[in-house]
Trainee: 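Questions regarding the structure given below will be posed in turn.
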Protein chains: 2
Amino acid sequence: MPVTIKDVAKYAGVSIATVSRVQNGIGQVSPETQKRVLAAIRQLNYIPNRVGQALQGQRHAALGIVFPDFSGPYYSGVMLGFENQAVTAGYSVVVLATHRRPESTQLIVDLAGRVDGLVMMDRTVSNDTVTDIARCGIPIVLLARSAITGMPCVRCENRQAAEELVGHLNGEHGYRKFAFLGNPDLSFDVMERWQGIQSAIQQFHLPDPDLIRCEYRQADGRQAAHDLLASGQLPECLLCANDEVAFGVYQAMREAGKRIPQDVAVTGWDDVLTADLVDPPLTSVRQPTQQLGDVAAHTLLTMIEQTVKPLSSTILPSRVVFRHSCGCIGKGCEFRTEALRP
Amino acid sequence: MPVTIKDVAKYAGVSIATVSRVQNGIGQVSPETQKRVLAAIRQLNYIPNRVGQALQGQRHAALGIVFPDFSGPYYSGVMLGFENQAVTAGYSVVVLATHRRPESTQLIVDLAGRVDGLVMMDRTVSNDTVTDIARCGIPIVLLARSAITGMPCVRCENRQAAEELVGHLNGEHGYRKFAFLGNPDLSFDVMERWQGIQSAIQQFHLPDPDLIRCEYRQADGRQAAHDLLASGQLPECLLCANDEVAFGVYQAMREAGKRIPQDVAVTGWDDVLTADLVDPPLTSVRQPTQQLGDVAAHTLLTMIEQTVKPLSSTILPSRVVFRHSCGCIGKGCEFRTEALRP
DNA sequence: TTGTATGCGTTATCAT
DNA sequence: ATGATAACGCATACAA
């Protein structure tokens, strides 16, 4: 049904080679035939078939990116940066979210067959699968994921930020008993945050922190906080795996009549735009999400277009943003040097 | 460089056709050769090239979706619903964000050449371009966009919700002077909201509302609110084009020492998760974003796989969610029947 | 059961 | 300046 170069050639009364020459501006064509061909193209509304071009040119002109999920501003940021770089470089973007689907492996293999390079995010599929696909010769960049030998990896700094966070909470506010809300098994970043927190707590000789396993949506944080309240073992400070979990804790605390930070301090991670607007403003850790996608795309493009693989991994800096939910007060979020509670 | 079916055939010592038969489970193959072929596939790490398949099968097994932008939970929701439907039906998803790029038209034409169907969202490209592409025979579904004859359109209800909102603000709270913050020229939905608001205000014989043109990020709402404050013409109620703008207004009001809703009432649109957590909780309009992507994908798939084009447009219902920022009080957000201000 | 041959749409390399 | 033809990777109709 669609118009092919053959149709145009017949309509213009020339060979397909000539049409191709006009179309791509390569080779010599007489002005007269050029005119005829151009007219035929316009007349028939001819659009070159990308599949034919891809087959001939031995490239898809497309990049793939595999997300574990789409929800939340974190993925939007990565997507934004990635798409921008890819399109600017002349590549289309094919996305896939695994959602822990059992058939994820097959879907990713399928995806690998239609792109020139692949970004694999976090816990989307096993390392073995990634290695298998890489062995087929397709360039792969890991994003916010544990390293695999021979593949570049792009991620945000987590441990240092976690240590700074705990250092502040103990040093400035005097908190000693912490709990972490999240599931280190589900995400590489969260695992690193949990490890950083544990390491800092050991370093300061504080009592072992509790790990409250929960997923990353607001409802999960809310449920976890309610469970914690029901157990009667509310620590001084709740460190949340991300801001959505922290917002869920906010909900639960409001429902239970507990005040933040007077009754319990709360921190998030991601520093979403609304972190500054909730009551109280949320102390969080800002990550350069857009840059994450940006650098991942750039690294991938380098691997595709250069014959030498750089293999350079990138770790982008995170920054702790102190607000009121940890106990800091005032407009400039000055630290309270005395402990908040008597 | 990549492994082709030819390589596998040579390695297994069989013909290409036999490999294909094994690969697709079609036709008769002796157990012995099947084993050899399977071993070769595993050994060489063969992944079928989708381009070859597409060329032969006359289909891409891919759907395209064109966004104006990615920022915000609205697009995440649409994306989530769309990707889920597409992948479930065996299609890959190719995304493009126009970002008001001048070369958008070319990018979309390009995209059209590598998918079996296309969803076009909002103000991404001119109607003429959409019609041109449709003429090439590729199925198109419009999403949150003004209708074009002959193309199905999926969107959320806006006018009715706008009227309900204004009816509440005037009827229950007694507000008479409104301003709308947003740019009706930039988005079809926002245009409809603005029209619905105007229509309701006429209907209730209230003074003409002000239109404060601004874009849709938090910073834009903040700037618009500051401008409004500087002008000295603060209306009783600010109707924001979306929640992010409303959050920007929150910022500005806090910075100016104005209270919501005592000094000025504020409403948003989208009902993002944090609308309930900001101070005061934001009155907003909830849209089924995920379902939007879901229905768009489903409609597109029907067009592709059925020969009869349904052409049915879908309008999904929106729902006003009353919270404190409009003047409602109490947990259940009961209406205040008297005017809030003396 | 297996192999051969053709066509999908495009570009590139020849030959004319 | 132009036309004929091969090649890309795959699936399939047909021949053996």
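So that the names make sense, note that chain A is the first sequence line, chain B the second, and so on, each numbered from 1.
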Trainee: For B/Ser126 and B/Asp128, test the side chains for any donor-to-acceptor distance below 3.5 angstrom and give the result as yes or no.
Mentor: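 Checked: B/Ser126/B/Asp128 side chains show no N/O donor-acceptor pair below 3.5 Å.
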
Trainee: For B/Ser76, which residues count as a side-chain contact (heavy atoms from CB on, under 4.5 Å) partner, sequence neighbours excluded?
Mentor: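 side-chain contact (heavy atoms from CB on, under 4.5 Å) check on B/Ser76 returns A/Ser76.
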
Trainee: Less than 4.0 angstrom between a side-chain N/O of B/Thr18 and OP1 or OP2 of C/dT1, yes or no?
Mentor: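 False: B/Thr18 side-chain N/O out of range (4.0 Å or more) of C/dT1 OP1/OP2.
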
Trainee: With a 4.0 Å cut-off on N to O distance, would you call B/Arg135 and B/Asp132 a salt bridge?
Mentor: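 Salt bridge present between B/Arg135 and B/Asp132.
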
Trainee: Look at B/Arg145 together with B/Glu192 and state whether they make a salt bridge at an N to O cut-off of under 4.0 Å.
Mentor: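 Salt bridge flag = no for B/Glu192 with B/Arg145.
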
Trainee: Any side-chain donor paired with an acceptor under 3.5 Å for A/Arg217 and A/Ser71?
Mentor: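 A/Ser71 and A/Arg217 do not have a side-chain donor-acceptor pair below 3.5 Å.
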
Trainee: Take nucleotides 6-16 of chain C nucleotide by nucleotide from the 5' end and write B, S or -, depending on whether a protein heavy atom sits under 4.0 Å from the base, only from the sugar-phosphate, or from neither.
Mentor: -BBBBBB----

Trainee: Are a donor atom and an acceptor atom from the side chains of B/Thr302 and B/Thr299 found within less than 3.5 Å of each other?
Mentor: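 Side chains of B/Thr302 and B/Thr299: no pair found under 3.5 Å.
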
Trainee: With a 3.5 Å cut-off and no angle check, do the side chains of A/Asn183 and A/Glu215 form a donor-acceptor pair?
Mentor: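 No, A/Glu215 and A/Asn183 have no side-chain donor paired with an acceptor closer than 3.5 Å.
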
Trainee: Within the 3.5 Å criterion, strictly below it, is a donor on B/Ser187 or B/Asp189 matched to an acceptor on the partner's side chain?
Mentor: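 Not at all, the side chains of B/Ser187 and B/Asp189 share no donor-acceptor pair under 3.5 Å.
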
Trainee: Measure the distance from NZ on B/Lys10 to P on D/dG9 and round it to the nearest whole Å.
Mentor: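 After rounding, the gap between these two atoms is 12 Å.
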
Trainee: Which residues within residues 29-45 of chain A lie with some heavy atom under 4.0 Å of an atom in DNA chain C?
Mentor: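 Nothing qualifies; none.
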
